[in-house]
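Just so we're on the same page: letters track the sequence lines, and every chain starts at 1. Keep in mind the model is a prediction, meaning the values are calculated, not measured.
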2 protein chains.
Amino acid sequence: MSQNLTQQLTHTLGEAIVKGEYPIGKGMPSEAVLCVQYEISRSATREAVKMLSAKGLISSRPKQGITVNPESQWNLFDTDVLGWILKSKPSLHLLKEFTQVRFGIEPLAAKLAAQNATPEQINHIEDALHRIAQSQAGLEDELDAHINFLNMILVASGNRFFIQLTQFVNAALRVSIRYTNNVKGVSNTDVTFHLKVFEAIKQGDANTAQTLVSDVLIDALALIESRL
Amino acid sequence: MSQNLTQQLTHTLGEAIVKGEYPIGKGMPSEAVLCVQYEISRSATREAVKMLSAKGLISSRPKQGITVNPESQWNLFDTDVLGWILKSKPSLHLLKEFTQVRFGIEPLAAKLAAQNATPEQINHIEDALHRIAQSQAGLEDELDAHINFLNMILVASGNRFFIQLTQFVNAALRVSIRYTNNVKGVSNTDVTFHLKVFEAIKQGDANTAQTLVSDVLIDALALIESRL
DNA sequence: TACTTAACAATTATATGATAAATCATAATT
DNA sequence: AATTATGATTTATCATATAATTGTTAAGTA
């Protein structure tokens, strides 16, 4: 379980912070206290503190001690931070906000993929399509297959920021599925839908690709709104 | 200049990594080497390494040493990482990709702002509008005023991820301006344009707000494409 | 041969103790 | 009252030692 103490403490504290166990502004025990509390050395503690400060959760200065940063400074696009939030205080509100980001990004990514995808990337998308088909025959995990399909599109967009978001989207999708309780919330389950998206991208039909993805996400948002 | 050695080394190494000075896969000196190279202690070195690994740039494991992660694992939405990239190898391609992200986010943020902004947030946007007017009279920095206006809209969207992106957008805008050499690349300079956006948001006209912002970014993208 | 196991080496991970530097609060001084 | 010392607190840094992890190699075994 415990790979190393620094990582362990980083995650423990990270979760505790996003859970709100330490008040914003000035609410963390000093290094010395953390040492004895978690029974590890000061070097390990300091390294965990550095990690958390690199993720924007805290800052530490002499005399002032370790302070929890306001949420606006947290790096929500860090998969660790996002994971801690999803784990500690998941909510439909957060899911909605997350889906709004998807709504901003994914249709555009599909459009760009239709315009820029290399033959190799199109093959990857086609492979992902087959995996979805197999998953519906029970040969593979359905969620994994859907996420993979989405990933390949993001990669094919050629935009490094979108590619970076694959990890972000993946992390959150695995949680959101627990809320909507069906894959519909993640993506249309219909194979023909994915086929259409693939065809549009392959044929360079940017507008169709964009609209298809956009429509699914509008449905997903409506579903979330209805449960809010 | 050098507030503390850990931060200093973090930035030095971070820049060097994104600059490609260390090959991907396996290309960093060991801790021991970094110590003597930069003439600082091992603990400071380790803390810098932890920070960089928290940002996804590197990973370190026993025997294997410190390895540079593939770019896909870098946290591009971390303002430090983004800053290092923009500083070390700025390019029109990156600016284009960045503007595509803006195109995905900002029109949607404007739409959400029109739907959800609180009266206080609307006041903030109005204040920002006045700052823009003053900036064109030479009373304030024009870029600052434009960025501030944008920030207020992102905040008014009520979406935490969009709010988080303010820092991201700000960091990049200050660089992109150097390329396009005019504020047009950042946002329409016409005051009446900003006034229109503000009015749309104030009156809850989501579609107009969205379209206005969208159109400006389409122009910006076209401008970048033309110079590519 | 192919596969497991054991010993070894290299490197990070952790621990410990000591000193330095920065900052806040307070007291002294002008 | 304003400024300047002083002290206390906490992080920042350093130095060194030991442990734990992992890749490599070699030996042993079926």
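- A side-chain hydrogen bond (donor to acceptor under 3.5 Å, both in side chains) with A/Lys55 is found for exactly one of A/Asn75, A/Asn69, A/Asp78, A/Thr10, namely A/Asp78.
- B/Phe77 meets the ring pair (Phe, Tyr, Trp, His ring centres under 6.0 Å) test with A/Phe77, A/Phe161, B/Phe168; sequence neighbours excluded.
- Here C/dA10 presents its P atom at 21 Å from CE of B/Met28, a figure rounded to the nearest Å.
- Summarising the geometry, the separation between CD1 on A/Ile66 and C1' on C/dA22 is reported as 16 Å, rounded to the nearest angstrom.
- Among residues two or more places apart in sequence or in another chain, the ring pair (Phe, Tyr, Trp, His ring centres under 6.0 Å) test is passed with B/Tyr38 by none.
- Residues passing the ring pair (Phe, Tyr, Trp, His ring centres under 6.0 Å) test with B/His124, sequence neighbours excluded: none.
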So which protein nitrogen or oxygen atoms get under 3.5 Å of nucleotides 5-7 of chain C's nitrogens or oxygens?
none

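- Looking at A/Val197 and A/Val216, their side chains never come closer than 4.5 Å, going by heavy atoms from C-beta outward.
- Across the protein-nucleic acid pair, B/Gln64 atom CD and C/dA13 atom P stand 11 Å apart, rounded to whole Å.
- Taking atom CD on B/Glu31 and atom P on D/dT13, their separation rounds to 16 Å, with Å as the unit.
- The NZ atom of A/Lys63 sits 17 Å away from the C1' atom of C/dA20 (whole-angstrom rounding).
- The side-chain hydrogen bond (donor to acceptor under 3.5 Å, both in side chains) contacts involving residues 14-25 of chain B comprise B/Glu15-B/Lys87, where partners must be two or more places apart or lie in separate chains.
- Distance A/Gln8 CD to D/dA20 P: 15 Å, rounded to the nearest Å.
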Stepwise side chain to side chain contact (heavy atoms under 4.5 Å, CB included) check, B/Ile147 with B/Arg174: CA-CA 9 Å; B/Ile147 289 179; B/Arg174 292 184 189 284; 3.7 Å; yes
Using a cut-off of under 3.5 Å, enumerate the N/O to N/O pairs linking the protein to nucleotides 14-18 of chain C.
{"residue": "C/dT14", "atom": "OP1", "partner": "A/Leu5", "partner atom": "N", "Å": "2.3"}
{"residue": "C/dT14", "atom": "OP1", "partner": "A/Thr6", "partner atom": "N", "Å": "3.4"}
{"residue": "C/dT14", "atom": "OP2", "partner": "A/Thr6", "partner atom": "OG1", "Å": "2.6"}
{"residue": "C/dA15", "atom": "OP2", "partner": "A/Ser41", "partner atom": "N", "Å": "2.5"}
{"residue": "C/dA15", "atom": "OP2", "partner": "A/Ser41", "partner atom": "OG", "Å": "2.9"}
{"residue": "C/dA15", "atom": "N7", "partner": "A/Ser43", "partner atom": "OG", "Å": "2.8"}

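- B/Asn148 approaches B/Ala128 most closely through the heavy-atom pair OD1-CB, 3.4 Å.
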